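Below is one structure; the comments refer to it alone.
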Amino acid sequence: MAPRGPGWAGFLALLLIALLMASNHVAARLAFDHGVTVATAVAFRSTGTALAVGALLILQRVPVALTARERRALPAIGVLIGVQSLCLYAAVARLPVVLALLVFNAFPLMTALWARLLYGHRPERTVLLAMPIILLGLVLALDVLGAASGLGAAGQWRAIGAGVGFALVAAALFGLAWC
């Protein structure tokens, strides 16, 4: 008998996860528009996430036994993810959500860069081929020359520069934590 794939259940689970992740950032943008600070939003999100993960660990009866290496690395990873969250939400506060997330989703490229710098790993050929296409798409979506907005390059970067910078730092930190 042929092995069965995940079917609709797996697809629906992934769809639900994508919906929850996207709605999280849209909700953050709405909160920012109504006066919530970036730090408050990150603290609320982090607390909710910690409670949900803790509840899952308890419900699944997962033993929490960390090696010495894990005990040393986890605080550093936590700091990286915390600062990454602050940067990502700062980007969402300054850019349309879709642009902030589009820039942030360059993190696989950042992961490849960190893997190269830290471990000497060479990116696979497919990654190298995809990089220019991804970056070109990002350049077009951000309208880096300001042609679509009519602002010109300088005006466009005045409008989006800080948000793009925060999203790129978030991507770099997430890529480093992923490594």
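Note that the structure is a prediction, hence the values are computed from the model and not measured.
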Practice item. Examine V97 and F174 and state if one hydrophobic cluster contains both, with Ile, Leu, Val, Met, Phe, Trp and Tyr joined whenever side-chain heavy atoms are less than 4.5 Å apart. Key: yes
Check your understanding: Apart from F166 itself, what residues make up its hydrophobic cluster, given side-chain heavy atom links below 4.5 Å?
Key -> none
Review point. Under the side chain to side chain contact (heavy atoms under 4.5 Å, CB included) test, which residues partner Q60, sequence neighbours left out?
Key: V62
Check your understanding: So, the side chain of W114 versus the backbone of A172: is there a donor-acceptor pair under 3.5 Å, distance only?
Key -> yes
Can I get a per-line list of side-chain donor-acceptor pairs under 3.5 Å for residues 35-44, giving both atom names and the distance, sequence neighbours left out?
from	atom 1	to	atom 2	distance (Å)
T37	OG1	T40	N	3.2
T37	OG1	T40	OG1	2.8

Practice item. Give the cluster check for L168 versus L88: same hydrophobic cluster or not, with ILVMFWY residues linked at side-chain heavy-atom distances below 4.5 Å. Key: no
Exercise for review: Verify, without hydrogens or angle tests, whether E70 (side chain) and T67 (backbone) share a donor-acceptor contact under 3.5 angstrom.
Suggested key: yes
Check your understanding: Would W157 and V164 count as a side chain to side chain contact (heavy atoms under 4.5 Å, CB included) if you check the C-alpha gap in whole Å, the side-chain angles of each, and the deciding distance to 0.1 Å?
Key -> CA-CA 9 Å; W157 279 103; V164 170; 4.0 Å; yes
Side-chain donor-acceptor pairs of residues 89-96 under 3.5 Å, sequence neighbours excluded:
from	atom 1	to	atom 2	distance (Å)
Y89	OH	N24	OD1	3.1
Y89	OH	N24	ND2	3.3
R94	NH1	A90	O	3.0

Between side-chain atoms of residues 133-148 and protein atoms elsewhere (two or more places apart, or another chain), which donor-acceptor pairs fall under 3.5 Å?
from	atom 1	to	atom 2	distance (Å)
D143	OD1	G146	N	3.4
D143	OD1	A147	N	3.0
D143	OD1	A148	N	3.2
D143	OD2	A148	N	3.2
D143	OD2	S149	N	2.9
D143	OD2	S149	OG	3.4

Exercise for review: Check side chain to side chain contact (heavy atoms under 4.5 Å, CB included) between L113 and all other residues, then give those that pass, not counting sequence neighbours.
Suggested key: L117
Exercise for review: Flag yes if more than 12 heavy atoms outside E124 fall under 6.0 Å of its CD atom; otherwise flag no.
Suggested key: no
Practice item. Check whether any side-chain heavy atom of N105 sits under 4.5 Å from a side-chain heavy atom of F107, and report yes or no. Key: yes
Exercise for review: May I ask whether L101 and V26 are part of the same hydrophobic cluster, defined by side-chain heavy atoms of I, L, V, M, F, W, Y residues being less than 4.5 angstrom apart, directly or through others?
Suggested key: yes
Review point. Side chains of W178 and M110: closer than 4.5 Å at any heavy-atom pair?
Key: no
Exercise for review: Please answer whether the main-chain N or O of R116 pairs with a side-chain N or O of R122 as donor and acceptor at a distance below 3.5 Å.
Suggested key: no
Check your understanding: Does the side chain of R158 reach to within under 4.5 Å of the side chain of L151, using non-hydrogen atoms?
Key -> no
Check your understanding: With side chains defined as the heavy atoms from C-beta onward, is the minimum distance between I81 and L173 less than 4.5 Å?
Key -> no
